[in-house]
Number of protein chains: 2
Amino acid sequence: MRLMNDSAPTPGMLAAHLAAHGVRPTAQRLQVAALLLDRPQHVTAEQVLARLRQVGSRISKATVYNTLNLFAARGVLRQLVIDGDRAWFDSNVGPHYHFQDTETGELTDLPTSQVHFENLPPVPADMEYTGIDLVIRLRRRRG
Amino acid sequence: MRLMNDSAPTPGMLAAHLAAHGVRPTAQRLQVAALLLDRPQHVTAEQVLARLRQVGSRISKATVYNTLNLFAARGVLRQLVIDGDRAWFDSNVGPHYHFQDTETGELTDLPTSQVHFENLPPVPADMEYTGIDLVIRLRRRRG
DNA sequence: ATATGTGCAAATCCTTTGCATAGAA
DNA sequence: TTCTATGCAAAGGATTTGCACATAT
């Protein structure tokens, strides 16, 4: 399955993608998937609601939250903790890190290939990694 | 100024420390400073309120928030974004990263000396770093 | 005096929840 | 039918705010 590579995914491709993650492809879920899975992007629940309403959807705020949380739980999206204000969802679920412009809040992907960790301490024998979150915060230079 | 090294800081040391950061040492601020600056620790506003009340303080919730935010803005504390649920404040303001036990929420410091970044992409000419936040999430191995 | 800090309650913002209706298996 | 999803409004929880009173300069 290759999404986000060529042209916009077809409804059939999206439905198959959701099904592959154990998510029933309802009309609203397909709307959210179509919005987010055609390219890597970072969105908030409010943005998803606004953009779908803008293109004629009658999806509710509760369903947006339900859907984003379900997608994140099933690996269709990745939930990010960037600031304490609101949750961000990333349609790029592959391993990568983030730059954040601290003035605008804007997020940019940072490929893992551009970071190497060395000397990482060993994890205790009874523990295991569940994720590594790296956020490099930047701002426009004062001048 | 060396806090958090030997025995508990004296009120005079704490007042000087706050003053050095441009913070007027009021009674409530000294209570918060005394609680947090004697050792490196990670706390929430609710925890600060509860612990101070427990030792007889009549500090209010609003003042706890005001104080923690002021301390973070002036560099007396560092605010952490660990989960979307609540803000964490770290009395270790030196450069370091964090482990998080995803099941208990517990945070542990990870010295920067134990991590080396390589290949970090150059920052655009008109931008500058404001911080690097690294959270390595762990959980007890299923067994 | 004048500016700053504190405490209380109310307000705010994001997110979740309860429940009735609608839709799918 | 029986289970699951949706939508609305209300509830929930963390944080901020307005304002009167207290404290410091």
Task: Non-hydrogen side-chain atoms of A:F71 and A:H21 separated by less than 4.5 Å - done: no

- [ ] Search all heavy atoms of A:L68 against all heavy atoms of A:V32 and return the closest pair with its distance.
- [x] CD2-CG1, 4.1 Å

Task: Interatomic distance where CG belongs to A:D83 and P belongs to D:dT16 [whole Å] - done: 12 Å

TODO: Can you sort out which residues in residues 25-32 of chain B have a heavy atom within less than 4.0 Å of DNA chain C? Ascending by number, please.
DONE: B:T26, B:Q28, B:R29

Open item on the list: Between P on C:dT15 and CG on A:L49, what's the gap in Å once rounded to a whole number?
Closed with: 12 Å

List, with names and distances, any nitrogen or oxygen atoms from the protein found under 3.5 Å away from nitrogen or oxygen atoms belonging to nucleotides 12-15 of chain D.
unit_1: D:dA14; atom_1: OP1; unit_2: B:R86; atom_2: NH1; d: 3.3
unit_1: D:dT15; atom_1: OP1; unit_2: B:A87; atom_2: N; d: 2.6
unit_1: D:dT15; atom_1: OP2; unit_2: B:Y65; atom_2: OH; d: 2.6

Task: Rounded distance in Å - CG (A:L68) to C1' (D:dA5) - done: 15 Å

Task: Nearest-nucleotide pick for A:S60, side chain only, options being C:dG5, D:dG7, C:dC8 - done: D:dG7

Task: Sub-4.5 Å side-chain heavy-atom contact between A:V93 and A:V76 - done: no

Task: Spacing between A:L18 atom CG and D:dT4 atom P, to the nearest angstrom - done: 18 Å

Task: Polar contact flag, side-chain donor to acceptor under 3.5 angstrom, A:T63-A:Q28 - done: no

Task: Between C:dT17 (P) and A:L70 (CG): distance, integer Å - done: 14 Å

Task: Distance in Å, A:H96 NE2 paired with A:D109 CG, rounded so as to fall on 0.5 Å steps - done: 3.5 Å

Open item on the list: Tell me if the CD atom of A:E128 is crowded by more than 12 foreign heavy atoms within 6.0 Å.
Closed with: yes

Task: Which nucleotide in C:dC8, C:dA25, D:dT25 has an atom nearest any side-chain atom of A:R24 - done: C:dA25

Task: Closest contact, heavy atoms only, B:R140 versus B:E103 - done: N-OE1, 3.7 Å

TODO: Keeping the roles fixed (side chain from A:Q41, backbone from A:S91), state whether a donor-acceptor pair exists under 3.5 Å.
DONE: no

Task: Side-chain donor-acceptor contact under 3.5 Å, B:H98 with B:D133 - done: no

Task: Interatomic distance where CG belongs to B:N66 and C1' belongs to C:dA9 [whole Å] - done: 14 Å

